[in-house]
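Down below is the structure, laid out as structure tokens.
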2 protein chains.
Amino acid sequence: MRGKKGYTYEYARPALTVDCVVFGFGGGELEVLLIERGLEPYAGWWALPGGFVRVGEDLGAAAGRELSEEAGIDAGYLEQLGAFGAPGRDPREHVVSVAYWALVRPGDYRLAAATDAVAARWHGVGELPRLAFDHGEIVGVAVERLRARVRQQPVGFNLLPEKFTLTELQGLYEAILGEGLDKRNFRKRVLALDLLTALPEERREGAHRPAQLFRFDPDKYAVLERRGFHFEL
Amino acid sequence: MRGKKGYTYEYARPALTVDCVVFGFGGGELEVLLIERGLEPYAGWWALPGGFVRVGEDLGAAAGRELSEEAGIDAGYLEQLGAFGAPGRDPREHVVSVAYWALVRPGDYRLAAATDAVAARWHGVGELPRLAFDHGEIVGVAVERLRARVRQQPVGFNLLPEKFTLTELQGLYEAILGEGLDKRNFRKRVLALDLLTALPEERREGAHRPAQLFRFDPDKYAVLERRGFHFEL
DNA sequence: CCTTTTCGTGTGCGAATGACACTAAGTCAA
DNA sequence: TTGACTTAGTGTCATTCGCACACGAAAAGG
């Protein structure tokens with residue numbers, strides 16, 4: 001195989017795709033967005049949204065494009081996970097996939113804008129079906145990464161609506177980390193970080209005391225970030 | 001572009017390479033192995049060792065192969081860094097590179113087995129020349145990753161000879177982290193982890209007190225690893 | 001035997017962490 | 001109106017952890 005300008009390709013090229021692990025938070029549980037494949041191979045299986053990378057297209061941009069095309073999603077946070085290229089992962093031929101993971105707020109998506117997918121649905125990370133290709137493995141790595149990231153950077157807010165209560169935030173962290181947290185200590189720590197702004201509103205629902213609403217303040221975060229900082233939950 | 005079995009490739013494929021950031025420890029400094037390119041583009045520039053991925057070849061295997069072919073290196077530790085695919089990173093065409101980083105012991109390499117490289121040399125991470133492509137950026141990310149990893153997993157030992165003194169180990173950590181560490185606290189912590197075995201030998205050199213030699217013990221590490229643990233320096 | 005150089009060791013103080021239980025505020029039904 | 005129910009919100013204390021810090025020991029060489 002030989003390129004146009006005298007440059008030698010010693011070997012044929014593996015195909016290159018991007019796949020996205022999209023996290024959402026619903027029903028008190030951490031969820032992943034999956035699509036049901038309409039085409040072979042793995043027709044009828046659940047899989048990660050993704051597709052081929054175009055020549056001249058940035059990898060991150062390709063991931064974002066696939067998300068909006070295939071699921072009508074506008075991701076609040078998008079980070080590369082790594083490349084997965086085990087030879088047998090696609091039964092057709094050697095396909096290398098660059099995986100990304102994303103966080104979306106409830107509401108920042110309209111499912112079923114899909115083209116080649118039969119269906120798109122959220123699945124709790126605890127009850128995932130068997131996935132196509134090596135997508136199960138990819139999701140596992142993504143969950144690990146999310147857990148590590150959430151302890152060190154305030155990315156979790158991208159899974160909550162703009163306005164939220166501290167109890168909701170704690171529920172989110174418990175869902176992500178998979179462990180219970182002490183209420184008082186959690187509030188102490190979170191507020192000590194000084195990343196949240198208390199809104200002049202409260203959320204009242206049900207027959208009980210209303211809760212203070214907060215908003216994540218990116219400006220405050222930028223200040224902290226600029227002078228080396230540690231998050232620590 | 002259309003594949004053999006009726007499967008549609010909607011777009012041409014970007015080329016796929018692997019590049020390796022190889023770390024070594026010499027002269028009390030953290031070093032990176034670079035090769036001097038013999039071919040255009042960037043002929044005469046320093047660059048990371050790497051090359052094209054073969055179809056059917058695992059990515060990690062490709063990285064290992066390039067290392068041994070191009071630099072006669074047997075890496076003690078090899079980890080993927082991520083994919084770099086900005087459209088303009090290679091002036092010829094769109095090339096996506098999967099980067100790896102590796103740690104090698106002094107002695108586990110014989111430089112200048114290179115084929116298409118003019119020269120291969122170690123460079124202190126503090127005094128790197130300008131690198132070809134986006135390799136400077138890749139090295140930056142690799143150093144960051146090494147710093148993060150070394151705080152949480154005992155990977156540093158892969159940069160030292162089998163037998164080493166605690167002072168050498170401390171020097172290594174200082175070189176990687178780029179900061180001075182307290183001698184007594186360092187020793188306390190390292191020994192408390194119970195990962196090292198004291199050897200019945202000492203290293204005597206120069207006109208001063210000889211130092212106890214230690215060896216990293218993978219078995220002890222495996223035990224710790226098996227029941228969730230934290231490293232913390 | 002004196003000098004030089006590196007090796008090896010313990011304590012104490014202030015900060016951070018983690019366990020822990022009750023009152024406050026609201027709704028609804030009796 | 002009052003009592004029952006549900007979730008919100010708050011402070012203390014004991015323990016652990018992190019970090020600063022200084023000197024005697026061992027060897028070699030002059």
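A, B, ... follow the sequence lines: proteins, then strands. Residue 1 opens every chain. All values reported here derive from a predicted model rather than from experimental measurement. Just so you know, these numbers use all the heavy atoms, side chains as well, and skip hydrogens, waters and symmetry mates.
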* Of the residues in residues 197-209 of chain A, which ones touch DNA chain D at a heavy-atom distance under 4.0 Å? -> A:Ala207, A:His208, A:Arg209
* Gap between atoms NZ and C1', on A:Lys183 and D:dG11 respectively (whole Å) -> 14 Å
* **Whole-Å distance separating the CG atom of B:Leu191 from the C1' atom of C:dC7** => 13 Å
* To do: Ignoring backbone atoms, establish whether A:Arg187 has a side-chain N or O less than 4.0 Å from OP1 or OP2 of D:dG11.
  => no
* Name the residue closer to the 5' end of DNA chain C, choosing between B:Ala211 and B:Asp182 according to the nucleotide with the nearest heavy atom. => B:Ala211
* With sugar-phosphate meaning primed atoms plus P, OP1 and OP2, does A:Thr167 contact a base, only sugar-phosphate, or nothing at under 4.0 Å between heavy atoms? -> sugar-phosphate
* Between A:Phe214 and A:Phe164, does the ring centroid distance fall short of 6.0 Å? -> no
* Asked: Applying the side-chain contact (heavy atoms from CB on, under 4.5 Å) test to B:Ile176, which of B:Val143, B:Val155, B:Val125, B:Leu30 qualifies?
  -> B:Leu30
* Can you tell me the distance, in whole Å, between the CD atom of A:Glu168 and the C1' atom of D:dG9? => 15 Å
* Structure fact -> Here the distance between atom C1' of C:dC20 and atom NZ of A:Lys188, to the nearest Å, is 10 Å
* Structure fact -> Hits for side-chain hydrogen bond (donor to acceptor under 3.5 Å, both in side chains) against B:Glu201, two or more places apart or cross-chain, chain-then-number order -> B:Lys163
* Asked: Once you round it to whole Å, what is the distance between C1' of D:dA20 and CZ of B:Arg189?
  -> 12 Å
* Looking at A:Tyr77 versus A:Trp101, is the centre-to-centre ring distance below 6.0 Å? -> yes
* Atom-pair distance (CG on A:Asn185; P on D:dT10), nearest Å -> 14 Å
* Send over the distance from A:Arg151 CZ to C:dT17 P, rounded to a whole Å. => 13 Å
* Nearest to the side chain of A:Arg184 - C:dG8, C:dA21, D:dA22? -> C:dA21
* Distance in angstrom units between B:Leu213 CG and C:dG8 C1', rounded -> 14 Å
* So B:Tyr42 and B:Trp45, would you call those rings parallel, tilted or perpendicular, with 30° and 60° as cut-offs? -> perpendicular
* **Minimum side-chain heavy-atom gap A:Leu160-A:Leu172 below 4.5 Å** => yes
* Under 6.0 Å between the ring centres of B:Phe186 and B:Tyr173? -> yes
